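Comments concern the structure below.
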Amino acid sequence: MGLENILPTYHRSPTKLPISLNKLCRSKERVLLGFVCFGLVVACFGTVFFLPELRTGIALPSINSVYKVYEHVQKVGPEFILQLPPLAKDDVHDGKSQQHHGQIDKPDFHLLEDQARLRAKIETEERLELEQNQLKVLPKPMIPSSKSEAGDSRSTLSNGSFKKESDKNIVDQPKIRLPKVQGGDDVEPDIKAKRETVRKMMKHAWDNYATYAWGKNELRPISHKGHSASIFGSGNFGASIVDGLDTLYIMGFMDEYKRGRDWVEEHLNLTGVSSELSVFETNIRFVGGLLSCFAITGDSMFREKALHIAERLLPAFNTLTGIPHALINIGTGTSKNYAWASSGSSILSEFGTMSLEFNYLSDITGNPVFRQKIDQITEVIKKQEKPEGLYPNYLNPKTGRWGQQHISMGALGDSFYEYLLKSWLQSSKTNDEAREMYVDAMDAAVAKLIQKSNGGLTYFAEMKFGRLEHKMDHLACFTGGMLALGGTHLEEPLKSKHIALGKAITHTCHESYDRSNTKLGPEAFRFSDAIEAKALKSNEKYYILRPEVIESYFVLWRLTHDVRYRQWGWEAVQALEKHCRVDGGYTGVKNVYSDEPTQDDVQQSFFLAETLKYLYLLFSDDELISLDEWVFNTEAHPLPIKKVNPFYRSI
Ligand SMILES: *[C@@H]1O[C@H](CO)[C@@H](O)[C@H](O)[C@H]1NC(C)=O
Ligand SMILES: *[C@@H]1O[C@H](CO)[C@@H](O)[C@H](O)[C@H]1NC(C)=O
């Protein structure tokens, strides 16, 4: 089956149909049309009810599109059927939001707001003001008890997300179909069981963190105490809590989620803290994690915390070019770069990995400053001539000139490329600049860096001062998923080319796992006449619970439904259980080629955020955090796609 069937493009403008109909038809016809559509809804609903397997949307694309149409009618909801005139924007927003740049001209596709407007109209006058205040933020979803953990997420969410009183007032109101963020069990018992194993791994990792290192950044699972890396500065910022929360929620661990959420509310506060933080890591783990929780749950506390932290990062952008520094002292606001980075350069993968979070933050807070910072970075890097079209890893923030000519799809480069693609997708494909930059960057990278080994393995080499180094980082293995995901959204001939490359790279990365004794992959692997897809130096042989290979399995599974990706994911689960699981959580290992590797005694926060989340989703159905509705930030925190995902929650 073709990939085009899996990622339908008609999701892009779900409200197009009713808008044009509203314009075309006069009121009588509209009433009539309303009845006809209502009949259709009933008919479609019947069909879907009696053929539940259609819901999975895997096997039968044509019937599936009927279901999608039904969903769209559902989404359009009572405003269409009941013929209520849409309220003017002034009726729903207060004066403040009018000032936000670009807000008024943009068409409002916000489905939930449509629903909410209707609600406001029906409510009595004295309720109106209260309702309007609630509209700015979606009401907090009800937190189900742990008993309903495995329950149907749709009913839980739609029940929790809407006010009871309005439900009473609207007779036969069709339910909005919200993005699925919980549930999503596969029908096959074998896959169900595998997913349950992953879920228990999360429980084991989380419970031990909560027992031995609560509030600390990370857990030392063997010595049973807290751990922190320099990227987190000197404070206890609960990195594992913030990174793990959306995973807990998606897996339905609601008691654990609630406890983490309350910790964030009470303790995550940078006011008065003096500590030097990595701007990049703080953005992808903290800002990204909080934004994801805000999108998924609608709990505005997360938005406030994300804003609070992102604001503390802003002084790092006060450089001559607007390219941010790598490190910021959040107490003093002074910032600087790493001394080792090409005479004080900023790093491509760091300043190039802010856009998803910052653009989203501007949209949900109405504060344009975050988007402006991103636009400035884009302007600077677009202006600089790229050596043979390639982006070097270093850029001087004073001059805007490239530093050392190192080019890599792994460390120091990686997520810059990912964010070009995903910025385009996040914008519902309206950000053509990001698309163009992605396509150009990949054209050059594929032409200059893609290599094939003697044994036929495809890989991304690195380039240093014009010479290829035949080494690929574990970090670079995310490119398998990225190329395939990008390919599905591009036109031929790039489409087939990128999808094929994505598969080939993922195959190579699997080989790097398969060729080790532990069946875990090394930090970096090389290709020469003597070795293929194996680490050479001792400092390349470790595995620290990284997600990138599993991430590509997950993306390729969603795009192709080739069972090999689930098999490979399961191999990784078994290897993790065998070599990384200890009584106190999960640890990395120092040498993947040893039968009994030494353990490093660190449970990385990204194991909770990324590795376990991608494994869980690999064994879930496609609707759970659908790739049509979400983009994952580089820490695997799902962020909603504008216009198609009602959880976007724009102000
Ligand atoms: C929705 O939640 C309310 C409590 O908030 C409960 O009384 C009601 O029975 C729930 N409805 C459904 C359909 O679960
Ligand atoms: C952080 O704490 C200060 C008081 O120390 C408080 O005024 C502020 O609102 C808090 N910020 C957040 C985002 O919780």
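Quick caveat, the model's predicted, so the values are computed rather than measured. Both counts, for ligands and for their atoms, begin at 1 and track the order of listing. FYI, side chains are in, hydrogens and waters are out, and symmetry mates aren't considered; it's all heavy atoms of this structure.
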- Taking only residues at least two apart or on different chains, which pairs with a member in residues 313-327 satisfy side-chain hydrogen bond (donor to acceptor under 3.5 Å, both in side chains)? His325-Ser335
- Message: Glu265 versus ligand 2: do any nitrogen or oxygen atoms come within less than 3.5 Å of each other?
- Response: no
- Task: Kindly identify the option in Leu268, Asn269, Ile309 whose heavy atom sits closest to atom 8 (C) of ligand 2.
- Result: Asn269
- Non-hydrogen side-chain atoms of Cys293 and Tyr249 separated by less than 4.5 Å: no
- Query: Taking C-beta and beyond as the side chain, do Ser275 and Phe237 meet within less than 4.5 Å on heavy atoms?
  - Reply: yes
- Message: Under 4.0 Å from a heavy atom of Thr271: which atoms of ligand 2 are those, numbered in the order shown and with their elements?
- Response: 1 (C), 2 (O)
- Query: Protein heavy-atom contact under 4.0 Å for atom 4 (C) of ligand 2?
  - Reply: no
- Could you check atom 14 (O) of ligand 2 against the protein and tell me its nearest heavy-atom contact, residue, atom and distance included? Lys305 NZ, 2.8 Å
- Query: Is Arg259 positioned over the aromatic face of Tyr257, cation under 6.0 angstrom from the ring centre and no more than 45 degrees off axis?
  - Reply: no
- From atom 13 (C) of ligand 2, work out which of Met301, Glu266, His308 has a heavy atom at the shortest distance. His308
- Query: Between the side chains of Thr353 and Thr634, does any donor sit under 3.5 Å from an acceptor?
  - Reply: no
- For residues Gln426 and Tyr419, is any side-chain donor paired with an opposing acceptor at under 3.5 Å? no
- Query: Is Glu304 in polar range of ligand 2, meaning some N or O pair under 3.5 Å apart?
  - Reply: no
